[in-house]
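Take a look at the structure below.
Ligands are counted one by one from 1 in listed order, and the atoms in each one are counted from 1 as well. What's counted below: heavy atoms across the whole structure, side chains too, no hydrogens, waters or symmetry copies.
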Amino acid sequence: MNSKTFKVAALAGDGIGPEVMREAIKVLRAVEDKFPVRFNIIEAPVGWAGIDAAGNALPDATLALCKQSDAILFGSVGLPERDPTVPRDQRPERAALLRLRREFQLFANLRPVVLWKELAHACPLVKERQGAGIDILVVRELTAGLYFGTPKSIETLGNGQKRATDTLIYSTSEIERIANVAFLAAQERAKSAAGRKPKVTSIDKANVLENGVLWREVVSDVGKRYPDVALEHMLVDNTAMQLMLKPSQFDVLLCENMFGDILSDEAAALAGSLGMVPSASLGAARGDRFFGLYEPAGGTAPDIAGKDRANPIAQILSAALMLQYSFKLGEAHDAIFKAIGKAIADGNRSGDIFNPADSSAKKVGTRAMGDSIIAAI
Ligand code: NAD
């Protein structure tokens with residue numbers, strides 16, 4: 001059987017990064033055993049590991065590796081005790097992660113939020129509000145809007161006052177490209193979940209912001225190219241409320257940068273633990289594939305690092321997203337997703353999702369959690 005080979009830059013980083021990356025790589029090796037695909041995985045230091053190895057949070061050799069790779073699988077970077085010892089612009093999150101986002105123009109951030117029924121206890125919503133289950137994809141624009149628009153300043157006025165200015169700017173093409181990602185993702189999700197009707201809910205503040213008016217107009221136009229995907233528009237304040245009241249109504253949430261920043265964290269809380277939430281940051285499409293950086297939503301969790309206590313699922317799901325969006329290996333993505341479901345259904349729980357009241361659940365470490373997923377692939 002002919003197998004295709006993909007080159008992956010694996011940057012584990014700091015804290016729990018190396019522990020959870022090890023499990024994700026084990027899962028990718030298990031995928032090679034089941035599917036006609038090979039992964040040329042090359043590990044390189046980033047974050048404090050980069051500073052210690054080469055004096056820089058994103059060493060030149062690491063950046064060069066990323067440029068030669070088909071995708072970046074990223075752990076997490078930063079250590080609260082060490083970060084303040086170097087100037088702000090040299091600290092790992094800024095010097096490595098933000099730089100990679102800029103370098104590869106990763107304009108689309110995708111964060112799937114899934115609450116498995118066995119983990120209902122970990123969700124902050126009461127069971128009645130969880131409905132038939134929570135499975136939402138937040139698609140956030142990542143490189144424009146209020147965080148990047150200029151002018152951006154704090155001026156000192158003559159009367160003892162200061163004045164701060166931020167500028168919210170979006171152009172048609174910036175809205176179009178993120179809207180396309182959302183509609184394509186809705187189609188892709190419908191393929192792997194029988195019976196799911198693809199829907200995009202586009203978030204704006206069209207009642208008071210000119211940006212919202214343009215956003216709504218452009219998203220509606222893009223939507224016409226995807227007649228199989230339902231489109232609805234919702235104001236951001238109502239969305240914040242609806243996520244708490246009836247999250248099961250959402251499929252794909254399409255957001256500009258700041259609204260997505262806030263709503264994606266609100267939505268992530270519904271999954272019960274940061275250890276369950278992956279993310280993909282995508283750049284320009286190459287045909288039907290995207291170059292992307294894939295990482296867990298959480299950070300380096302120094303409180304549990306090196307103790308075999310981290311939940312590897314967010315990192316493993318990040319690897320699964322890489323298969324889906326960068327390599328178009330939808331079946332392999334689904335196999336990982338199902339294996340995680342099986343491992344959870346069998347009662348395996350890392351500490352963050354363990355419920356002592358559940359007699360069918362057993363607390364396991366990072367390695368054992370990874371092993372239970374591999375066994376189910
Ligand atoms: P954190 O996400 O590392 O931890 C918050 C809480 O969630 C902790 O109690 C931690 O134990 C728990 N947690 C996170 N991931 C988990 C997992 N996989 N399994 C089980 N529990 C998990 O956030 P923080 O403590 O605010 O930040 C720690 C460091 O990480 C800081 O230096 C911060 O700058 C950095 N950080 C990096 C990234 C990134 O690399 N993208 C993102 C966020 C924070």
Side-chain angles (χ1 to χ4, degrees), residues 9-24 27 44-52 57-58 62 66 72-102 104 106 109-111 113-114 116 119 122 124 140 142 261 264-265 268-281 292-319 321 340 343-344 348-355 363-370 373:
L11 317 183
D14 310 315
I16 60 168
E19 297 166 71
V20 292
M21 182 65 82
R22 181 194 64 221
E23 300 309 311
V27 167
V46 72
W48 278 102
I51 295 174
D52 292 341
L58 184 64
T62 300
C66 294
I72 305 168
L73 187 58
F74 195 91
S76 33
V77 292
L79 294 171
E81 286 190 2
R82 295 186 69 184
D83 290 352
T85 64
V86 290
R88 237 182 274 282
D89 59 347
Q90 291 169 29
R91 292 182 194 166
E93 273 184 88
R94 268 192 202 205
L97 195 54
L98 296 190
R99 173 131 183 252
L100 283 169
R101 282 185 188 157
R102 234 187 0 256
F104 293 99
L106 305 174
N109 184 253
L110 278 61
R111 188 181 283 190
V113 174
V114 176
W116 260 274
L119 304 184
R140 167 189 169 195
L142 204 56
D261 191 6
S264 63
D265 269 19
L270 300 173
S273 165
L274 271 176
M276 298 297 296
V277 186
S279 79
S281 299
L293 179 150
Y294 301 85
E295 57 168 338
T300 58
D303 51 332
I304 55 168
K307 298 178 179 160
D308 196 41
R309 283 172 56 192
N311 184 348
I313 291 180
Q315 187 75 58
I316 292 169
L317 281 171
S318 301
L321 289 177
I340 291 172
I344 291 173
N348 298 286
R349 305 276 189 275
S350 46
D352 56 320
I353 51 173
F354 179 66
N355 176 11
K363 202 177 197 176
V364 300
T366 310
R367 266 177 209 281
M369 193 78 206
I373 293 165

side-chain contact (heavy atoms from CB on, under 4.5 Å) partner of Leu293, chosen from Leu73, Leu97, Leu11: Leu97

Determine, considering heavy atoms only, which of Asp303, Val277, Leu274 sits nearest to atom 10 (C) of ligand 1. Asp303

Heavy atoms only: which of Glu93, Arg309, Arg91, Arg82 lies closest to atom 38 (C) of ligand 1? Glu93

Under the 4.0 Å line, does any protein heavy atom show up next to atom 24 (P) of ligand 1? no

With a 4.0 Å heavy-atom cut-off (strictly under), which part of Val77 contacts ligand 1: side chain, backbone, both or neither? both

Strictly under 4.0 Å, does any heavy atom of Pro302 approach an atom of ligand 1? yes

Tell me whether ligand 1 is touched by Val20 - counting only heavy atoms on the residue side and a distance under 4.0 Å. no

Looking only at heavy atoms, which two atoms of Ala57 and Ile51 are closest? And how far apart? N-CG1, 3.5 Å

Among Thr300, Asn311, Ile304, which one has a heavy atom closest to atom 22 (C) of ligand 1? Ile304

Distance-minimising heavy-atom pair for Ile353 and Ser273: CG2-CB, 4.0 Å

For atom 14 (C) of ligand 1, the protein heavy atom that lies nearest, with its residue and separation: Ala301 CB, 3.9 Å

When you measure from atom 32 (O) of ligand 1 to each heavy atom in Gly15, Gly78, Gly47, which option holds the nearest one? Gly78

Side-chain donor/acceptor of Ser350 to backbone N/O of Thr366, under 3.5 Å: no

Under 4.0 Å between heavy atoms, the region of Glu295 that gets near ligand 1 turns out to be side chain

Heavy atoms only: which of Gly299, Ala310, Gly17 is nearest to atom 2 (O) of ligand 1? Gly299

How does Ile16 reach ligand 1, if at all, at less than 4.0 Å between non-hydrogen atoms: by side chain, backbone, both, or neither? side chain

